[in-house]
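Remarks on the structure that follows.
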Amino acid sequence: MPISEIGAIEKLTAQLDTNNLVQYQLPLAVINSDTTEKQSIALNPIIGKTLTLNFHGKIACKHCGKTTKKSYSQGFCYPCMITLAQCDMCIMKPETCHHHLGTCREPKWGEQHCMVDHYVYLSNTSALKVGITRHTQIPTRWIDQGATQALPIFKVSTRLQSGLVETALAEYIGDKTNWRAMLKGSNDAIDLKAEAKVLIPQIKERLDDISLKFGDDAVQLLDEDIVNLNYPVSQYLTKISSFNFDKTPCVSGVLLGIKGQYLIFEKGVINMRKFSSYQISVEY
């Protein structure tokens, strides 16, 4: 049984193959002396086999590398959490982006990540929802949320603009995923294009306000195809319980599948992104 070196968890990486099946990998950042080696474990071949994750009691901030007793904002120490732009509240609420006010914690980071093209999309996760993502994060964002269908409907120039469109749509549909429902199986298909045709006229006034403030071409209506996503799951659970490395340092069992950022075992699930920067070893 292969055993990995001890490494810090990074969020699962994933790609769609030619059959729109998600192929997953578990990245580990292995620290050797003064260097960090990136290792990656292909997870799809392990489905149906026993997988063991051992937490070794250490958490190291993924930005500064310092040991921290608690992980903040999925992998940071407290000082980094309160100083880095990527940990600011506007990341969770893009409509509150304040880069244009000159108050961004890291203006250069903001230029690279927020002042770039974003997409507003509809997806089918636990139900119909609206979301946003940078142009570089398609289809990664949809995979991370466990979406089985997704449809980009608008393209905008900044994160702030995407947040304004998203909040307008969120008055009519959800903007969050019910992770327990998402992990209980595949949803019935939704005609996302039909939903878009109903929703877009309802926010016309809000879209006009955005165009008036940012320019006529601030919000571009798209005509894209629906993207279908399939997940490598041999069996879904009827009752969802979650593992926590802080309470259960050893998580082991037959891997039934992967969806979103969750590994699905016979007796529960674990959100790997939640435990970013936790140092573990892997047996499979």
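The figures here come from the full heavy-atom set of this structure, side chains too, leaving out hydrogens, waters and symmetry mates.
A single hydrophobic cluster is seen to contain both L122 and L164, as judged by linkage of ILVMFWY side chains at heavy-atom distances under 4.5 Å, directly or through other members. I153 and F214 fall within a single hydrophobic cluster, where Ile, Leu, Val, Met, Phe, Trp and Tyr side chains are chained together by heavy-atom contacts under 4.5 Å. In the hydrophobic cluster analysis, where Ile, Leu, Val, Met, Phe, Trp and Tyr join through side-chain heavy atoms closer than 4.5 angstrom, V219 is grouped apart from V116. No continuous path of hydrophobic side-chain contacts links I91 to L84 [ILVMFWY only; heavy atoms under 4.5 Å]. I6 and I270 end up in different hydrophobic clusters when Ile, Leu, Val, Met, Phe, Trp and Tyr side chains are linked at under 4.5 Å.
In the displayed structure, K267 atom NZ is contacted under 6.0 Å by at most 12 heavy atoms of other residues, nucleotides or ligands. Other residues, nucleotides and ligands contribute at most 12 non-hydrogen atoms within 6.0 Å of the NZ atom of K274. Within 6.0 Å of CG in D17 there are more than 12 heavy atoms belonging to other residues, nucleotides or ligands.
Taking 4.0 Å as the cut-off between side-chain N and carboxylate O, K69 and D246 do not count as a salt-bridged pair. A salt bridge links D208 with K204: at least one charged nitrogen is closer than 4.0 Å to a carboxylate oxygen.
For L21 against P232, the heavy-atom pair with the smallest separation is CD1-N, 3.8 Å. The nearest pair of heavy atoms linking A168 to Y172 is O-CD1, 3.6 Å. The two residues A170 and D175 have their closest heavy-atom pair at CB-OD2, 4.0 Å. Nearest heavy atom pair, residue H118 against residue S162, reads CB-CB, 3.8 Å. When all heavy atoms of R134 and H113 are compared, the closest pair comes out as CD-O, 2.9 Å. Between H99 and P107, the shortest heavy-atom distance links the atoms NE2-O, 3.3 Å.
Side-chain N or O atoms of S73 include none that pairs as donor or acceptor with a backbone N or O of M81 at under 3.5 Å. Although no hydrogens or angles enter the test, the distance criterion places a donor-acceptor pair under 3.5 Å between the side chain of S276 and the main chain of R273. Using a distance-only test at 3.5 Å, with no hydrogens or angles considered, no donor-acceptor pair links the side chain of K11 to the main chain of Q74. The main-chain N or O of A147 is found under 3.5 Å from a side-chain atom of Y231 such that the two form a donor-acceptor pair. Remark: side-chain polar atoms of H98 are paired, donor with acceptor, to backbone N or O of T103 under 3.5 angstrom. T158 places a side-chain N or O within 3.5 Å of a backbone atom of Q161 that can act as its donor or acceptor partner. K155 contributes no side-chain N or O that, together with a main-chain N or O of H135, makes up a donor-acceptor pair within less than 3.5 Å. Judged by distance alone, the side chain of S277 and the main-chain N or O of E10 form no donor-acceptor pair under 3.5 Å. T248 places no side-chain N or O within donor-acceptor distance of the main-chain N or O of C250, the cut-off being under 3.5 Å. In this structure a side-chain-to-backbone donor-acceptor pair under 3.5 Å is missing from Q137 to T133.
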Go through it in stages, so that I can follow the logic: the residues are D223 and K193, the test is salt bridge (charged side-chain N to carboxylate O under 4.0 Å, His left out), and I'd like the CA-CA distance, side-chain angles, deciding distance and then a yes or no. CA-CA 9 Å; D223 183 18; K193 288 200 171 189; 3.7 Å; yes
Between side-chain atoms of residues 39-47 and protein atoms elsewhere (two or more places apart, or another chain), which donor-acceptor pairs fall under 3.5 Å?
{"unit_1": "Q39", "atom_1": "NE2", "unit_2": "E5", "atom_2": "OE2", "d": "3.0"}
{"unit_1": "N44", "atom_1": "OD1", "unit_2": "Y24", "atom_2": "N", "d": "2.8"}
{"unit_1": "N44", "atom_1": "ND2", "unit_2": "V22", "atom_2": "O", "d": "3.1"}
{"unit_1": "N44", "atom_1": "ND2", "unit_2": "Q23", "atom_2": "OE1", "d": "3.3"}

Indicate every side-chain donor-acceptor pair of residues 54-61 with a distance under 3.5 Å to a residue at least two apart or in another chain.
{"unit_1": "N54", "atom_1": "ND2", "unit_2": "E283", "atom_2": "OE2", "d": "3.1"}
{"unit_1": "H56", "atom_1": "NE2", "unit_2": "S281", "atom_2": "OG", "d": "2.8"}

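A side-chain donor-acceptor contact under 3.5 Å links Q25 and Q15. Residues Q261 and N271 bring no donor and acceptor atom of their side chains to less than 3.5 Å of each other.
Within the model, atoms CD of E224 and CG of L192 stand 13.0 Å from one another, a figure rounded to the nearest 0.5 Å. In this structure, OG in S252 is found 8.0 Å from CG in L53, a value given to the nearest 0.5 Å. If you take CD1 on I226 and OH on Y121, they are separated by 15.0 Å, rounding to the nearest 0.5 Å. Between the OG1 atom in T136 and the CD atom in Q112 there is a gap of 11.0 Å [rounded to 0.5 Å]. L128 contributes atom CG, which lies 7.5 Å from atom OG of S123 (distance to the nearest 0.5 angstrom). Rounded to the nearest 0.5 angstrom, M115 CE and C97 SG are separated by 6.5 Å.
Ring geometry for F243 versus F265: interplanar angle over 60°, hence perpendicular rather than tilted (30 to 60°). Taking the six-membered ring where the residue is Trp, Y278 and F275 present perpendicular rings, their angle passing 60° and hence far from 30°.
Judged by the 6.0 Å and 45° rule, K184 forms no cation-pi pair with Y236.
Among the candidates V233, L237, V269, the single residue satisfying the side chain to side chain contact (heavy atoms under 4.5 Å, CB included) test with L256 is L237. In summary, of the residues considered (N124, N20, L229, N230), a side chain to side chain contact (heavy atoms under 4.5 Å, CB included) with T148 occurs for N124 alone.
Within the hydrophobic cluster formed by Ile, Leu, Val, Met, Phe, Trp and Tyr side chains joined at under 4.5 Å, directly or through other members, M89 is accompanied by M92.
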